[in-house]
Number of protein chains: 4
Amino acid sequence: MPRISEEHRERRRQQILDAAQICFSRKGFHETSLQEIFAESGLSAGAVYRYFKSKDELVRAIAERSQPVVVAVLEDFLTRDVMPPLDEIVERFADAVVERMGVGGPVTVAPQGWALATYHQAVRDCVASLYLNTRSCWVRVAERLKDDGRLPAGSDPFAVGVLLTAALPGFILQRLLFGDVAPATLSSAIRSLVGAEAAIAHA
Amino acid sequence: MPRISEEHRERRRQQILDAAQICFSRKGFHETSLQEIFAESGLSAGAVYRYFKSKDELVRAIAERSQPVVVAVLEDFLTRDVMPPLDEIVERFADAVVERMGVGGPVTVAPQGWALATYHQAVRDCVASLYLNTRSCWVRVAERLKDDGRLPAGSDPFAVGVLLTAALPGFILQRLLFGDVAPATLSSAIRSLVGAEAAIAHA
Amino acid sequence: MPRISEEHRERRRQQILDAAQICFSRKGFHETSLQEIFAESGLSAGAVYRYFKSKDELVRAIAERSQPVVVAVLEDFLTRDVMPPLDEIVERFADAVVERMGVGGPVTVAPQGWALATYHQAVRDCVASLYLNTRSCWVRVAERLKDDGRLPAGSDPFAVGVLLTAALPGFILQRLLFGDVAPATLSSAIRSLVGAEAAIAHA
Amino acid sequence: MPRISEEHRERRRQQILDAAQICFSRKGFHETSLQEIFAESGLSAGAVYRYFKSKDELVRAIAERSQPVVVAVLEDFLTRDVMPPLDEIVERFADAVVERMGVGGPVTVAPQGWALATYHQAVRDCVASLYLNTRSCWVRVAERLKDDGRLPAGSDPFAVGVLLTAALPGFILQRLLFGDVAPATLSSAIRSLVGAEAAIAHA
DNA sequence: TATGAATGAGGCTTCATTCAT
DNA sequence: CATGAATGAAGCCTCATTCAT
C-alpha cells in the first residue's frame, strides 16, 4: 500500500512542479499567481498545498531544479584513466546543459534562480553550493590536465575552473536571448584560444 | 520656463533610482514594495510617480542600468594601432565591471535583470541589445588578434567572442555569491589556456 | 459538480447588489467606497470580487437594474381587445414605477443611472435601449387609441409616446425631491388636458 | 481699478467653469480629475483654487448652472393679457431648453446634477428650488388657462403643472440619448392629447 | 499674484492561504 | 482526502490640496 501511494505522491509532485515551471518560465516567479499554477496543473488549491506548504517552497523547488546539475559529466571524465581533450569536455558539458534547456525545460528558469540567489538566503545556499561543486570539478579537470602536461606548467587550475564555470551562465543566457550559440561554439572557442601563445603578455 | 531646473529633475531621478537600487538589491524587484522605496528615497508616493509612471517603469530603468555597459573599454582598445595582449584586455574589461559592482553598485542587481529579460519583452530587448553589442566588440577584438597573427590561423573569432561574453555573467555571479574571483583570476585563466596546444584534439 | 449551488450563487449576487444599492443611494456611485459595500453586505473583498470583477461592473449592474422596467404593464394593455382609457393606463404605469421606488428601492438610484448613461458607453447602450423600448410601447398605445378613434384623427402617436416617456424621469425626480406627486396626479393631468380643445392653436 | 479686476475675475471664473463643463460632460463629475480641468482651462492649480475653494464647490457650481433656468419664458407669458395656446407655450419653453443644450452646453450635464441632487444636500436644495419654481410657473399657467375657460372646468392645474414639469427631464434625456426629439414634438403631443375626450374615463 | 512640485490619505484590486463541506 | 469559496492583508496608484518660490 505505501509503495503505490508513495509513487502516487511523487507523480503528483512532479505534476505540480511541471505546471509551475511552465508558468514561471512564461511570467516569472512573482508575476505568476498560484491560481495560474492550479489551473495549469489541473489541481485544486488544497491539493497543491498538500505537497508544498507555501508558494515560497514551490519557488525554491523550481529555482533549485532549474540549475543545470551537470557535474556528473565532469565527474565521469575525472574517473577515466585518460582525460579527453579540453574542447571535447567542454562540448560534452554544454551538450548536457542544452539537453536540459529544451523548450520549457528546467534550465529555462535558471536565470530566475540566479536572481533569487542574490537575495534569498535559502536559494543562495543551494545555488552557491551547486556552482561551487561544478567549479571544483572544473578545477580538478584543470589540475588533471596540468598534471598530464597538457596545460602549461605555470598554469592556474583554479583560474581555469573559474573561467569555465563562468561561461555556463553566459552560455545559457545567450542561448535564451539569442539562440545562436551551441555546444560546438564553446569547443571551437577553446580550440581558438589554445595554442595562441602570441596573444598574451609574457611575464 | 520650468518651475524647477533640469538639474533638479535629474538629481531627483537619480535619488529615486539610487533608493530603488538599494531596495532591489536587498529584497528583489518584486518583494520590494514601493513604500520601501518611498521611505529609502525620502520622497512621497506622488513625488516618485512624477518621475516614473509605474513600478514596472522603475524596475525597467534599474534592470537596464544594472547591465554593465563596459563596451567602452573594448572600443577603446579597438581604436589603437597595436592591440594589447588578450589577457590584459580581459583584465581591464573585468576591472571595469568590478568598478560598477561595488557594494550596492548597479551591477549588483544585474542577475535580476537577466531573469526579467527572459520573460519581459521590453527588458529582453534592452538587455539583448546590450549583450549583443558587447559580444560584437569581443568578436572584433578576436578578429583583430587573428589578423595580427596572434590567434591561430584557423581560429574562430565569433566563438571566441561568445566565450568571452559568456564569461561575464558567470564572473559577476561568482563574485556576488562567493566573492573569491577577481579580474586577475580571469586573465590568469586566459594565460593558462593559451599555449596549451596539448590540451586539445587535433582535427 | 459545483461546490456551491446555483441558488447560493444567485443569493450571494443579490446580497451584494442589495448592499451596493443601499450604499449608492446614500452616497452616490463614486463617493461610495467598496469598503462600505463590503461592510454593508457582510462579505469580504475577495468574496465580492468573485461575483463582480470591478467596481465599474457593480455600478453598471446597479445602474441597469435601477431603470424602471415597466413596459410589462403597457404590453399587457396592448394585448387586450379593448384598451382602457389613457388616464387609467398612465396611472397603472406610474403605479408600477412607484412600486419599485419604495424606500431604497432600485429606482431610487435611477437618476444616477441616467447621469452615467450620458458619458459611459456601456451604460448608455443599456439605458437607451430600455427607454427606447418603453417609448415604442407608448407609441403603440397611442396608435391603438388613434385607430380606435379615441385620439383625434390628426394626432401624432410618436409625439404622444415621446411625451409620456418624457414624463417618467420627471415623475421619478419630483417624487424623490419633493415627494408630493403620485400616480393619481399624472392621471389627473391627462384628464385635465384631454377635452381642452380651446387650449390649443388651430392650424 | 476695481472695475477692471472685477471683470477680470469674472472672466477667469467663466473660463474655469467652461473648462469644467467640457470635462464633466465628457467624463462625469467624479471621473474628471482637477488636473484635467487645469489642462483644459490652461490655468494652474493655484489659479483655479483662487476661484473655487474645492472640487466640490466647482461641481456644485456646474450642477447648478446646468439646470435649465427657463422660467423666464413662462413668466413672460404670464405677464401678458392674453395667454398664447398651450402648445405654443410648451414649444417656446422647449425651445429655450434646447438653446441651452447645444453641443457641450450647460444642460448637457443636467442629468449629473439630478443624480447629485438625490444624495447631496446642498445640490438638492438648489435643484429642488429650481424645479419647484418651474413647476409653480406651470401651475400658474394652467390656472390662467383654466380661468380663461381654455382648460375644462374640472381640470387640475397642479396636476397639469406636475406633468409639464415632469416632461422636462425626460425631454432632455431623450435628446441626449437619442437626439430624435425636438420642441415641435412636444407641442405636437399636446395638440394630439387635447381634444381627445374620448380617450379618458368619464367619472 | 501665479506656479506646479510635492504631499499622503485612501481607493481599488490581487492573491497566498485557510477550512467548511 | 479533495475541493474551491472565502478571507483580508497589503500592494499599487490617483488625485485633491497645499505652499515654497
Side-chain angles (χ1 to χ4, degrees), chain A residues 5 8-9 12 30-39 42-59, chain B residues 1-5 8-9 12 16 30-39 41-59, chain C residues 1-5 8-9 12 16 30-39 41-59, chain D residues 5 8-9 12 30-39 42-59:
Chain A
S5 71
H8 180 260
R9 274 190 70 77
R12 270 293 159 81
H30 307 285
E31 281 92 332
T32 298
S33 74
L34 286 185
Q35 319 293 330
E36 291 172 84
I37 296 175
F38 302 152
L43 293 171
S44 68
V48 171
Y49 267 85
R50 183 159 291 284
Y51 294 85
F52 296 91
K53 61 173 182 297
S54 69
K55 182 179 181 181
D56 187 63
E57 197 170 300
L58 192 48
V59 164
Chain B
M1 210 179 309
R3 222 80 261 323
I4 60 173
S5 65
H8 181 262
R9 274 193 71 79
R12 271 272 192 276
I16 294 167
H30 308 285
E31 279 94 330
T32 298
S33 76
L34 287 182
Q35 293 303 328
E36 292 172 87
I37 296 176
F38 302 153
S41 69
L43 292 171
S44 67
V48 171
Y49 270 87
R50 175 169 290 278
Y51 294 85
F52 296 91
K53 61 176 178 295
S54 68
K55 182 180 181 180
D56 187 63
E57 195 168 303
L58 194 47
V59 164
Chain C
M1 211 178 309
R3 250 319 62 254
I4 60 173
S5 65
H8 180 261
R9 274 193 69 80
R12 271 272 192 276
I16 295 166
H30 307 286
E31 279 93 330
T32 298
S33 76
L34 286 183
Q35 292 303 330
E36 292 172 87
I37 295 176
F38 302 151
S41 69
L43 290 171
S44 67
V48 170
Y49 269 85
R50 175 169 289 279
Y51 294 85
F52 296 92
K53 62 175 177 295
S54 67
K55 181 178 181 182
D56 187 62
E57 195 169 304
L58 193 48
V59 164
Chain D
S5 71
H8 180 259
R9 275 191 70 76
R12 269 292 158 83
H30 307 285
E31 281 94 331
T32 298
S33 73
L34 287 185
Q35 318 293 333
E36 292 172 84
I37 296 175
F38 302 153
L43 293 172
S44 68
V48 171
Y49 267 85
R50 181 159 293 284
Y51 294 85
F52 296 91
K53 59 174 181 299
S54 69
K55 181 178 181 183
D56 188 62
E57 197 169 301
L58 192 48
V59 165

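The analysis underlying the following values was restricted to heavy atoms, covering all of them including side chains, and did not include hydrogens, waters or symmetry mates. As the structure is a prediction and not an experimental result, all values here were calculated from the model.
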Spacing of [X] atom [atom1] and [Y] atom [atom2] [to the nearest 0.5 Å]:
X        : Y        : atom1 : atom2 : value
Lys55(A) : Thr32(A) : NZ    : OG1   : 6.5 Å
Leu34(B) : Phe52(B) : CG    : CZ    : 11.5 Å
Tyr51(A) : Arg9(A)  : OH    : CZ    : 5.0 Å

I need the [atom1]-[atom2] distance between [X] and [N], as an integer number of Å.
X        : N       : atom1 : atom2 : value
His30(C) : dG10(E) : NE2   : C1'   : 17 Å
Lys55(D) : dC15(F) : NZ    : C1'   : 8 Å
Glu57(D) : dA16(F) : CD    : P     : 15 Å
Gln35(B) : dG8(E)  : CD    : C1'   : 9 Å
Phe52(C) : dT14(E) : CZ    : C1'   : 18 Å
Phe38(B) : dC12(F) : CZ    : C1'   : 8 Å
His8(B)  : dT21(F) : NE2   : P     : 10 Å
Glu31(B) : dC12(F) : CD    : C1'   : 16 Å

Go nucleotide by nucleotide along DNA chain E from the 5' end; which of Gly42(D) and Gly46(A) gets its closest nucleotide reached first? Gly42(D)
Comparing nearest nucleotides in DNA chain E, the 5'-proximal residue of the pair Tyr51(B), Lys53(C) is Tyr51(B)
Whether Arg50(D) contacts dT1(E) is assessed here as follows: a side-chain N or O lying under 4.0 Å from the phosphate OP1 or OP2. Is that the case? yes
Closest approach of Ile16(B) to Ala47(B) (non-hydrogen atoms, all atoms of both residues): CD1-O, 4.5 Å
Under 4.0 Å between any heavy atoms, over every strand shown, what does Tyr49(A) touch: base, sugar-phosphate, or nothing? Just pick one. base
Is Arg12(C) touching bases, backbone alone, or none of the nucleic acid, heavy atoms closer than 4.0 Å? sugar-phosphate
As a test of reading the structure: which of [options] is closest to the side chain of [X], going by heavy atoms?
X        : options                  : result
Ser33(A) : dC12(E), dA16(E), dT3(F) : dA16(E)
Ala47(A) : dA5(F), dC12(F), dT3(F)  : dT3(F)
Leu43(B) : dT3(F), dT7(E), dT18(E)  : dT7(E)
Ser54(A) : dA6(E), dC15(F), dT17(E) : dT17(E)

So does Ser33(A) get a backbone contact from the side chain of Glu36(A), meaning a donor-acceptor N/O pair under 3.5 Å? yes
In Watson-Crick or G-U wobble terms, with both distances under 3.5 Å, the base opposite dT21(F) is dA2(E)
